[in-house]
Amino acid sequence: MKIVTWNVNSLKVRLPQVINWLVAHQPDILCLQETKLQDEFFPATEIAALGYHSVYTGQKMFNGVALLSKQNGADVVTAIPNLDDSQKRIIAATYEDVRVVCVYVPNGESIVSDKYQYKLMWLDALNRWLSKELEQYPRLALLGDFNIAPEDRDVHAPDLWRGQVLCSESERNAFQELLKLGFADSFRLFDQPDKSYTWWDYRMLAFRRNRGLRIDHIMLSSELASICKSCMIDKEPRKLERPSDHTPVIVEIAQDLEQARSCN
DNA sequence: ATGGCTGTGAATCACAGA
């Protein structure tokens with residue numbers, strides 16, 4: 001099973017790229033963030049023409065998340081239960097016995113902003129919800145744009161970013177608290193190239209200079225981590241005309257331990 | 001060096017992103 005996360009920064013603008021990517025890579029599930037589309041404008045017909053189901057929750061201008069999948073998902077949820085939040089940042093569904101939770105974590109703006117407090121509150125609510133979800137779904141994948149660079153090695157210039165939003169101690173602690181629930185950061189289950197990032201600023205030739213951050217993640221419950229075959233960042237879409245500022249991140253998961261071992 | 005780039009919606013500019 002191939003599962004992917006990609007913050008597309010407007011699905012309206014990026015739809016041709018998403019379609020090309022789907023056709024070329026044939027993921028089982030593609031999680032999208034920042035669709036920036038109200039539900040009535042979601043391009044479900046175009047995506048269905050490729051053989052993909054869509055579930056989505058969006059709003060005008062901001063946020064918006066979606067799950068595109070070869071199989072129809074069950075038990076779709078579009079909000080963190082018991083969290084009063086008008087922003088569309090979460091969608092979850094079950095595919096066979098795998099629960100997939102797609103998140104667009106708040107950016108936070110800066111550590112002195114009200115939006116930073118909202119981010120920390122939101123992450124705490126996510127943690128509390130997922131601690132219960134893990135009991136119900138031992139095979140759980142949590143993926144999306146976390147807007148957190150978990151370690152200095154995930155930052156092109158750690159000293160410049162130290163203490164700043166996306167890298168601050170409280171945000172990194174929140175990330176660690178998710179790991180403590182039993183999740184693994186799938187990217188770090190494998191050897192990876194140095195200076196691997198998933199986001200580069202549009203300005204200052206940041207991509208060409210590889211001045212990026214690794215803020216898009218795929219977290220796997222221990223049961224899924226044990227059968228994870230690979231995790232990689234696909235930088236190719238970032239090289240296209242009018243790219244998203246984020247790249248896709250891809251995991252491959254075996255059906256069972258035996259298959260996982262035979263592939264390693 | 002608090003700029004710079006992109007997308008949205010409105011109305012030639014403000015806001016958000018990270």
Side-chain angles (χ1 to χ4, degrees), chain A residues 5-19 31-43 56-66 85-90 102-123 126 143-175 187 195-217 233 235 237-249:
Chain A
T5 179
W6 191 6
N7 179 325
V8 290
N9 186 19
S10 168
L11 183 56
K12 183 181 171 186
V13 172
R14 233 64 67 190
L15 184 61
Q17 293 183 23
V18 169
I19 287 171
C31 305
L32 301 177
Q33 301 89 37
E34 286 206 87
T35 56
K36 300 186 178 179
L37 286 175
Q38 290 170 288
D39 290 349
E40 56 263 45
F41 302 124
F42 195 89
Y56 41 85
T57 181
Q59 64 190 93
K60 203 174 186 176
M61 291 179 74
F62 307 118
N63 310 314
V65 285
D85 186 8
S86 61
Q87 302 189 20
K88 305 299 188 185
R89 296 183 173 278
I90 191 149
C102 169
V103 293
Y104 175 46
V105 176
N107 167 281
E109 190 178 36
S110 83
I111 62 165
V112 295
S113 169
D114 290 345
K115 294 175 187 172
Y116 181 75
Q117 294 306 318
Y118 165 67
K119 180 179 193 174
L120 295 178
M121 177 277 295
W122 197 95
L123 285 163
L126 178 70
L143 56 171
D145 176 359
F146 285 70
N147 272 317
I148 301 171
E151 300 178 49
D152 279 355
R153 61 176 165 164
D154 302 312
V155 182
H156 70 93
D159 292 333
L160 202 67
W161 280 87
R162 197 171 312 286
Q164 303 285 326
V165 74
L166 314 186
C167 301
S168 73
E169 195 178 342
S170 296
E171 291 162 90
R172 286 180 169 177
N173 285 343
F175 191 88
F187 190 73
K195 305 183 192 305
S196 288
Y197 310 123
T198 66
W199 170 86
W200 298 260
D201 200 301
Y202 283 123
R203 299 164 291 185
M204 304 289 285
L205 304 172
F207 182 65
R208 210 188 72 187
R209 295 170 169 170
N210 199 28
R211 294 185 180 178
L213 304 176
R214 190 175 73 93
I215 56 176
D216 299 86
H217 306 294
I233 295 165
K235 288 174 73 169
R238 191 65 175 77
K239 301 172 183 173
L240 300 172
E241 293 268 320
R242 276 190 105 182
S244 169
D245 41 359
H246 297 252
T247 56
V249 184

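In what follows, chains are A, B, ... by sequence order, proteins preceding strands, each numbered from 1. Quick caveat: nothing in here was measured; it's all calculated off a predicted structure. Heavy atoms only: backbone and side chains are in, while hydrogens, waters and symmetry mates are out.
- Here dA1(B) presents its P atom at 13 Å from CE of Met204(A), a figure rounded to the nearest Å.
- Taking atom CD of residue Glu241(A) and atom C1' of nucleotide dC5(B), one finds them 15 Å apart after rounding to whole Å.
- Contact of the Arg214(A) side chain with the Pro150(A) side chain is registered, since non-hydrogen atoms from C-beta on lie closer than 4.5 Å.
- Put simply, CG on Leu160(A) is 13 Å from P on dA1(B), counting in whole angstrom units.
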Show the numbers, then the answer: is there a salt bridge (Lys or Arg N to Asp or Glu O under 4.0 Å) between Arg209(A) and Asp201(A)? CA-CA 11 Å; Arg209(A) 295 170 169 170; Asp201(A) 200 301; over 6 Å; no
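- Distance CD (Gln59(A)) to C1' (dG9(B)): 14 Å, rounded to an integer number of Å.
- For the pair Arg162(A) and Pro158(A), the minimum side-chain heavy-atom distance is below 4.5 Å.
- By the neighbour-count criterion of 12 heavy atoms within 6.0 Å, atom CD of Glu40(A) is densely surrounded, having more than that number from other residues, nucleotides or ligands.
- Nucleotides dT12(B) and dA1(B), compared at atom C1', are 28 Å apart to the nearest Å.
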Where along nucleotides 13-18 of chain B does protein come under 4.0 Å, by heavy atom, of base (B) or sugar-phosphate alone (S), with - for untouched nucleotides? ---SBB
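- With rounding to whole Å, Lys60(A) atom NZ is found 19 Å from dG7(B) atom P.
- Nucleotides dA10(B) and dA16(B) have their P atoms positioned 15 Å apart, rounded to a whole Å.
- Note that CG of Asp154(A) and CD1 of Ile148(A) are 11.0 Å apart. Values are rounded to the nearest 0.5 Å.
- Nucleotides dT2(B) and dC13(B) have their P atoms positioned 23 Å apart, rounded to a whole Å.
- Counting any heavy atom pair closer than 4.0 Å across all strands shown, Arg211(A) reaches no nucleic acid atom.
- Relative ring orientation between Trp161(A) and Trp199(A) is described as perpendicular, the plane-to-plane angle rising above 60° on a 0-90° scale split at 30° and 60°.
- Between dT6(B) and Ser244(A), no contact under 4.0 Å exists linking OP1 or OP2 to a side-chain N or O.
- When the C1' atom is compared between dA18(B) and dG7(B), the two are found 14 Å apart, to the nearest whole Å.
- For the pair His217(A) and Val249(A), the minimum side-chain heavy-atom distance is 4.5 Å or more.
- Contact between the side-chain N/O atoms of Arg14(A) and the OP1/OP2 oxygens of dG7(B) is found at a separation under 4.0 Å.
- Atoms CZ (Phe207(A)) and C1' (dG4(B)) sit 18 Å apart, rounded to a whole Å.
- The nearest whole Å value for the distance from the CD atom in Gln33(A) to the P atom in dG7(B) is 17 Å.
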